[in-house]
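These notes are about the structure you will find just below.
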2 protein chains.
Amino acid sequence: MATIREIAEKVGVSVGTASFVLNGKADDMRISKKTQTRVLEAAKELGYQPSLSARKLRVKGKEVPVIAILWTLDARTSLISRFLQGIQSKSTYQEGQFELLIQPYENGKLRELHALKTGLRFNGAIIANASDEDMHYLEQANLNLPIVVYQRHSKNYATVLVDSEKTGRDVAKKFIQNGHKQVSIVIPEVSSEAVALRIKGFLEECRVYQIEVDELYGDFSEAGGYAVTKQLLMVSPLPSAIFFLSDYMAIGALSALHEANVKVPKDIQLIGHDNMIATQFTIPTLSTVNLPVEEMAEASVNLLLKILRNAADPHEQLKFSSYILERESSSFE
Amino acid sequence: MATIREIAEKVGVSVGTASFVLNGKADDMRISKKTQTRVLEAAKELGYQPSLSARKLRVKGKEVPVIAILWTLDARTSLISRFLQGIQSKSTYQEGQFELLIQPYENGKLRELHALKTGLRFNGAIIANASDEDMHYLEQANLNLPIVVYQRHSKNYATVLVDSEKTGRDVAKKFIQNGHKQVSIVIPEVSSEAVALRIKGFLEECRVYQIEVDELYGDFSEAGGYAVTKQLLMVSPLPSAIFFLSDYMAIGALSALHEANVKVPKDIQLIGHDNMIATQFTIPTLSTVNLPVEEMAEASVNLLLKILRNAADPHEQLKFSSYILERESSSFE
DNA sequence: TTGTACGCGTTATCAA
DNA sequence: TTGATAACGCGTACAA
């Protein structure tokens with residue numbers, strides 16, 4: 001991490017000269033070739049790395065806010081592409097009004113992310129996939145950094161979310177409406193408020209209508225859904241409907257059921273969650289709950305930008321709505 | 001974009017005081033409550049936004065290189081999650097040795113991305129999905145910014161890629177070996193060297209063995225593959241094998257074929273490309289070409305970091321290999 | 001609480 | 001023709 005001054009000193013030249021050489025303006029400034037090569041060599045030797053900070057500071061009117069997306073290092077990483085797509089599809093991005101930083105963190109270890117406290121890396125953050133512990137830390141830390149929390153409730157920060165409890169109830173209602181008496185819910189092993197609320201809504205509604213529910217757990221992935229279903233196939237009787245809290249898991253289940261020659265939706269009905277594009281092309285097509293990830297992502301960024309320029313309440317709560325998309329996997333033929 | 005000095009002036013207080021208040025250190029410093037509120041109000045009014053650059057510059061030993069991932073704003077955005085996963089799975093990231101910036105750009109308009117020339121946003125870049133025009137611009141611009149190009153050849157920059165021509169030949173060989181005489185190749189409408197080379201290799205090998213090939217085009221998505229296949233189903237005879245240059249397209253095709261009651265692999269064999277996880281769970285499971293995205297992503301970042309600290313040749317060429325994963329969609333029963 | 005030196009690259013002004 | 005000097009940008013931290 002040498003500075004330009006160190007280079008200048010080593011070569012025995014002024015910092016201005018060194019700067020010109022390192023920026024390719026040496027010829028315009030008529031710096032001799034020998035000096036140029038000597039400067040460049042010194043830079044290489046010392047491992048010179050220009051400081052963006054110093055540059056930005058000097059070049060006026062160029063600094064834009066840095067927005068960080070804090071994303072957990074777990075299976076849900078696969079959803080980040082939709083999040084990014086939501087941000088990018090909009091004009092805001094194109095105009096270069098902000099820089100987008102991806103800041104991964106380990107689930108449950110948000111407190112160890114020093115950048116949240118130092119305020120050196122970003123001007124504001126969107127926190128996705130926060131676990132209970134992470135959220136607890138956040139609420140108690142009371143950071144004075146502008147923050148938008150995605151898919152969780154919060155007292156101290158702005159939020160963007162859907163009514164996950166209602167989602168759960170809606171799916172239960174659909175199952176009840178379709179006449180199911182014995183259903184299962186497959187739960188991914190991730191700590192998430194949204195998941196917990198969906199479960200809560202689903203179970204409550206089932207209780208009200210006295211439907212029997214089995215709770216199953218698996219990895220948040222196709223493989224997880226496949227494994228859970230394989231296990232389920234070994235016991236009997238099979239439930240007549242399953243709610244998967246992740247489309248990926250439901251896709252894995254379709255594969256396992258096909259192998260076992262169990263027909264969907266005739267023998268068993270499935271509903272997934274998230275409305276991943278792939279669900280339109282599975283065999284059979286997969287009913288799912290539409291989660292407006294792209295819209296929420298865009299809203300999160302816009303909200304954060306507004307908060308940054310004091311144009312929005314830092315406690316704003318944006319609510320989106322989800323709805324069931326009925327496709328073949330939950331329809332009677 | 002007010003500065004801390006403007007706030008201090010407005011309130012009639014020193015910059016030091018303003019700094020303390022804005023950083024929540026006011027109480028420790030025994031700044032009066034009135035002063036605190038006045039400073040905070042002024043900050044709000046003026047729309048104060050702390051300059052990260054000034055902060056980083058002052059706080060010693062904290063500046064780490066910023067690496068940008070330049071990603072096109074097109075359908076292939078869906079692949080970015082694998083790219084990110086590749087980076088994140090490794091220790092490098094955890095140690096906070098660099099910051100990761102996502103810099104989208106419009107396909108073919110890399111030249112309009114000013115950040116590449118100003119050097120204000122990042123210390124080095126990984127360029128993914130560059131089109132021919134983008135690459136032409138890059139080669140001729142001869143930027144002195146450290147750059148790693150992903151999945152393209154380059155004279156002037158470091159690269160990380162697989163031998164895409166060989167991939168194409170391999171798939172053709174597999175088809176020939178399986179006895180096909182009439183095949184199709186489905187090409188996504190994206191400008192990519194890798195895609196072009198796969199096509200080239202595939203067509204050449206087919207020519208050598210005098211296999212008839214039909215070239216079809218569609219959107220890089222499940223819907224694109226579905227649409228192409230629907231069209232294909234209207235003509236006859238159907239080819240006995242199809243090579244899809246994207247798994248997403250192949251997944252769409254499976255759906256269309258299922259609807260038309262054409263059996264895979266009995267009536268027609270399919271091979272996709274990329275080895276997306278979903279291909280293990282389609283019905284039938286999808287043969288595909290494994291593209292080591294995660295490994296290449298990790299290698300790209302590590303190579304760039306090495307170049308940044310002069311520990312690697314800025315023209316290094318890293319080659320990875322791909323191979324066919326035979327699953328049900330291309331196997332005889 | 002205040003004043004001010006400091007970090008580091010850029011660039012305009014000055015000097016030989 | 002070749003290079004030096006110093007002001008500048010902005011938040012931080014320490015001495016006063």
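Here is how names work: the chains are called A, B, and so on, in the same order as the sequence lines, proteins then strands, and each is numbered from 1. A quick note: this is a predicted structure, and the numbers were derived from the prediction, not measured.
Tested against A:Leu70 for a side chain to side chain contact (heavy atoms under 4.5 Å, CB included), the candidates A:Val149, A:Leu101, A:Leu116, A:Ile147 yield a single pass: A:Leu116.
In this structure, B:Ile4 places its CD1 atom 13 Å from P of C:dT2, rounding to the nearest Å. For the pair A:Leu46 CG and C:dC8 P, the computed distance is 14 Å after rounding to whole Å. In this structure, A:Arg30 atom CZ and C:dC14 atom C1' are separated by 16 Å, rounded to whole Å. Distance A:Leu52 CG to C:dT10 C1': 14 Å, rounded to the nearest Å. The distance between atom CD of B:Glu63 and atom P of C:dC8, rounded to the nearest whole Å, is 9 Å. Separating the NZ atom of A:Lys33 from the P atom of D:dT2 is a distance of 11 Å, rounded to the nearest angstrom. Atoms NZ (A:Lys56) and C1' (D:dG9) sit 14 Å apart, rounded to a whole Å. Distance, A:Gln49 CD to C:dC8 P: 13 Å, rounded to whole Å.
Interface residues of residues 16-29 of chain A facing DNA chain C, ordered by number: A:Gly16, A:Ser19, A:Phe20, A:Asn23, A:Lys25; criterion, heavy-atom separation under 4.0 Å.
Side-chain contact between B:Leu308 and A:Gln49 is present, with at least one heavy-atom pair separated by less than 4.5 Å. Side-chain contact between A:Thr159 and A:Arg152 is absent, with no heavy atoms from C-beta onward closer than 4.5 Å. Residues B:Trp71 and B:Ile127 form no side-chain contact, since every pair of their non-hydrogen atoms from C-beta on lies 4.5 Å or further apart. Residues B:Gln97 and B:Leu305 form no side-chain contact, since every pair of their non-hydrogen atoms from C-beta on lies 4.5 Å or further apart.
A donor-acceptor pair shorter than 3.5 Å can be found between the side chains of B:Ser154 and B:Glu139. Side-chain contact of A:Glu193 with A:Ser164: a donor-acceptor pair under 3.5 Å is absent, judged by distance alone. A donor and an acceptor atom, one from each side chain of A:Asp74 and A:Thr72, are located under 3.5 Å apart.
With DNA chain C read from its 5' end, the first of the two nearest nucleotides for A:Ser51 and B:Ile31 is the one closest to B:Ile31.
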Could you write out each protein N or O paired with an N or O of nucleotides 5-7 of chain C at a distance under 3.5 Å?
unit_1 : atom_1 : unit_2  : atom_2 : d
C:dC6  : O2     : B:Arg58 : NE     : 2.5

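In this view, B:Glu45 and B:Lys10 satisfy the salt bridge (charged side-chain N to carboxylate O under 4.0 Å, His left out) rule, not counting sequence neighbours.
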